[in-house]
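The structure appears below as structure tokens.
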2 protein chains.
Amino acid sequence: MKTEQPVSGFQPLYRRIKAQLTERLSAGEWRPGEPIPSEIDLAQRFRVSQGTVRKAVGELAGENVLVRKQGRGTFVASHAHTRSQLSFLRLTPDDGSVEELEAELIDVRRIRADATSARMLALPTGASLVRLRRTLSINGNRILFEEARVSADLFQGLGPEVVERHRCMLYSMYESAYHVKIVAAEEQLKAVDADADIAAFLDVAPGTPLLLMERVAYTYDRKPVELRRGFCNTSRHHYANEIT
Amino acid sequence: MKTEQPVSGFQPLYRRIKAQLTERLSAGEWRPGEPIPSEIDLAQRFRVSQGTVRKAVGELAGENVLVRKQGRGTFVASHAHTRSQLSFLRLTPDDGSVEELEAELIDVRRIRADATSARMLALPTGASLVRLRRTLSINGNRILFEEARVSADLFQGLGPEVVERHRCMLYSMYESAYHVKIVAAEEQLKAVDADADIAAFLDVAPGTPLLLMERVAYTYDRKPVELRRGFCNTSRHHYANEIT
DNA sequence: TATCAGAGGTCTGATATAAGACTTGCGTTG
DNA sequence: CAACGCAAGTCTTATATCAGACCTCTGATA
């Protein structure tokens, strides 16, 4: 066993392997939905034992970056397949579950990043962003209005057509059209009153209490990629969360 | 290697070890804050290899039931020590972090379980419950009103004195006074309007939008133990969540 | 053509061994 | 008495090996 990094920044071997794997993932060497090489194979490439690869892969699987399938192989997680697309949607009807999901695009515009957006996306103030607005219906009830902002530079040519073509599944679209895989997000929730505009979009009276959800979404290596702000009518739905 | 359970209900060895560990934890063999025996020691007791124990302990550590400390040992997670007491409190000031936390007890009463509460706590309808109400202040601002319900049978003698003595840290109290360790919870969030009563408690105008948090808290083996309902003034605070 | 058995690949579970890293506490040393 | 160094105990990392479980594909068979 080699002991490198004499003093600072020591990282165990399996973490370095993990880093290498994320690097290749983010470089697009293996695409979402595709299998990565077998543990044995990876072990040989990296010249470490299969157990070490296994531990690296295990952590990535724990972070939902990879998906293991016994007897078949290990796959790059994808928003396209497996309804993992829903893993970022915490809204549920009070009774029963999500049967049908439908999104309706309102508009897609180019805007300039204000100071806050820029900072949160790690971009210079004034950078060009794409702002996308839409509503979302669960089981036929329109309950969410939301807007998303992403770097226009990273998502070149992002317009209504592209969104429509992916049926408004944004993360799936980021992934397949732009090779940007969303792997984590931070959300901040508040209760607010509906203003006139949003009330109109959601078919509720102005002043109705809405759940405000603000999100920063990250890709590999915790690079911030998308800002999102949603207003949800929670009269018959709720935001479900598991604490552990 | 033994292959048991020919068809159904097969559980790998490390999971059976894990189950045995949770059992002993729930029996109080090792108390929160205390160390459990070393991996080697446990391996000998259970007559399995250290690696197998390690895997079981690893999962429990991942669930925040145990806490590993390199070079020192593995400890039973505790709400009392380490500010893990806050791991169940997702409320944060919009700017900065939680510096000071203060709870104010309103009342503690015996009530009968309605059908819903009973079902969620896995108790018979009409069972005797203790209902506790309080407000909570962060950095001096009173922002949360909440009520908690627990089985009066499980928490015998639970009254204002006991709560005050533990300075309103409920999970810490459940743990040290009743040996009930809360390990997980499910929450449902909604936005609602403040009614007159709650508005008064929170010093806001009736009709102010509030974040409604409903929670079921579980102890070892996912046994439901507490129901909680909180109303939060989110004008200068938010509920923080991490999605992965 | 349709079905089935089997081979081979892949992840999973279990064990064993060894050395590194971290903490604690003891005993020596200055 | 204080400081230092060392040893022991514990978790952590790494490797190797083997067998089980699960899936896919292929070739034989009816």
Side-chain angles (χ1 to χ4, degrees), chain A residues 1-21 30 33-78 81-82, chain B residues 1-21 25 30 33-77 81-82:
Chain A
M1 195 181 333
K2 276 173 276 184
T3 328
E4 292 160 20
Q5 273 85 352
V7 189
S8 69
F10 167 80
Q11 283 281 298
L13 187 46
Y14 78 90
R15 272 194 197 282
R16 281 174 285 174
I17 301 299
K18 180 182 169 187
Q20 294 211 39
L21 287 173
W30 309 300
E34 288 177 7
I36 65 172
S38 78
E39 294 179 354
I40 310 256
D41 188 342
L42 288 172
Q44 286 166 348
R45 297 196 197 192
F46 292 125
R47 330 203 104 253
V48 298
S49 78
Q50 182 251 8
T52 302
V53 168
R54 185 166 176 69
K55 199 152 186 200
V57 169
E59 285 205 353
L60 289 170
E63 296 165 12
N64 299 315
V65 172
L66 296 178
V67 179
R68 315 182 95 138
K69 298 194 177 169
Q70 185 178 6
R72 305 222 289 128
T74 302
F75 300 75
V76 184
S78 166
H81 312 298
T82 76
Chain B
M1 190 184 338
K2 278 173 275 181
T3 328
E4 292 159 19
Q5 274 83 351
V7 188
S8 68
F10 166 80
Q11 283 282 296
L13 186 47
Y14 79 91
R15 271 192 197 282
R16 281 174 285 176
I17 302 298
K18 180 184 170 187
Q20 293 210 41
L21 286 173
L25 282 167
W30 309 300
E34 288 178 7
I36 66 173
S38 79
E39 294 179 353
I40 310 258
D41 188 341
L42 288 172
Q44 285 165 349
R45 296 197 198 192
F46 292 126
R47 330 205 103 252
V48 298
S49 79
Q50 183 251 8
T52 303
V53 167
R54 183 163 176 73
K55 199 152 184 198
V57 169
E59 285 206 352
L60 289 170
E63 296 165 13
N64 298 316
V65 171
L66 296 178
V67 178
R68 317 181 94 141
K69 299 194 178 170
Q70 183 178 8
R72 305 221 290 128
T74 301
F75 300 76
V76 184
H81 311 297
T82 76

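The figures that follow rest on heavy atoms only: side chains count, while hydrogens, waters and symmetry mates do not. Everything numeric here is computed off the predicted structure, so don't read it as measured data. So that the names make sense, note that chain A is the first sequence line, chain B the second, and so on, each numbered from 1.
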Q | Partner of B/Val53 by side-chain contact (heavy atoms from CB on, under 4.5 Å), out of B/Thr74, B/Ile40, B/Val48 | A | B/Val48

Q: Please state how far atom CZ in A/Arg16 lies from atom P in D/dT12, giving the value in whole angstrom units.
A: 18 Å

**Q.** DNA chain D contacts among residues 46-63 of chain B, heavy-atom distance under 4.0 Å
**A.** B/Gln50, B/Arg54

Q) If you check the A/Glu39 side chain, which of D/dT12, C/dT12, C/dT10 turns out closest? A) C/dT12

Q | Pairing partner (Watson-Crick or G-U wobble, both distances under 3.5 angstrom) of C/dA16 | A | D/dT15

Q) Rounded to the Å, how far apart are B/Glu34 CD and D/dT10 P? A) 16 Å

Q: Check the distance between D/dC11's P and B/Arg68's CZ and give it to me in whole angstrom.
A: 8 Å

Q) A/Leu42 has an atom CG; how far is it from atom P of C/dG9, in whole Å? A) 17 Å

(Q) So, using side chain to side chain contact (heavy atoms under 4.5 Å, CB included) as the criterion, who are the partners of B/Arg45 when residues are at least two apart? (A) B/Arg24, B/Glu29, B/Trp30, B/Pro37, B/Asp41

Q: Grab the CG-P distance between A/Asp41 and C/dG9 for me, whole Å please.
A: 12 Å

Q) Taking for each residue the nucleotide of DNA chain D bearing the nearest heavy atom, is the 5' side occupied by A/Gly71 or by A/Tyr14? A) A/Tyr14

Q) Expressed in angstrom and rounded to an integer, what is the separation of B/Leu66 atom CG from D/dT10 atom C1'? A) 15 Å

Q. In whole angstroms, how far is the P atom of C/dT10 from the CD atom of A/Gln70?
A. 14 Å

Q | Phosphate OP1/OP2 of C/dC11: any A/Thr74 side-chain N/O under 4.0 Å | A | yes

Q. Quick one: is A/Arg72 getting a side-chain N or O under 4.0 Å of the D/dT24 phosphate, OP1 or OP2?
A. yes

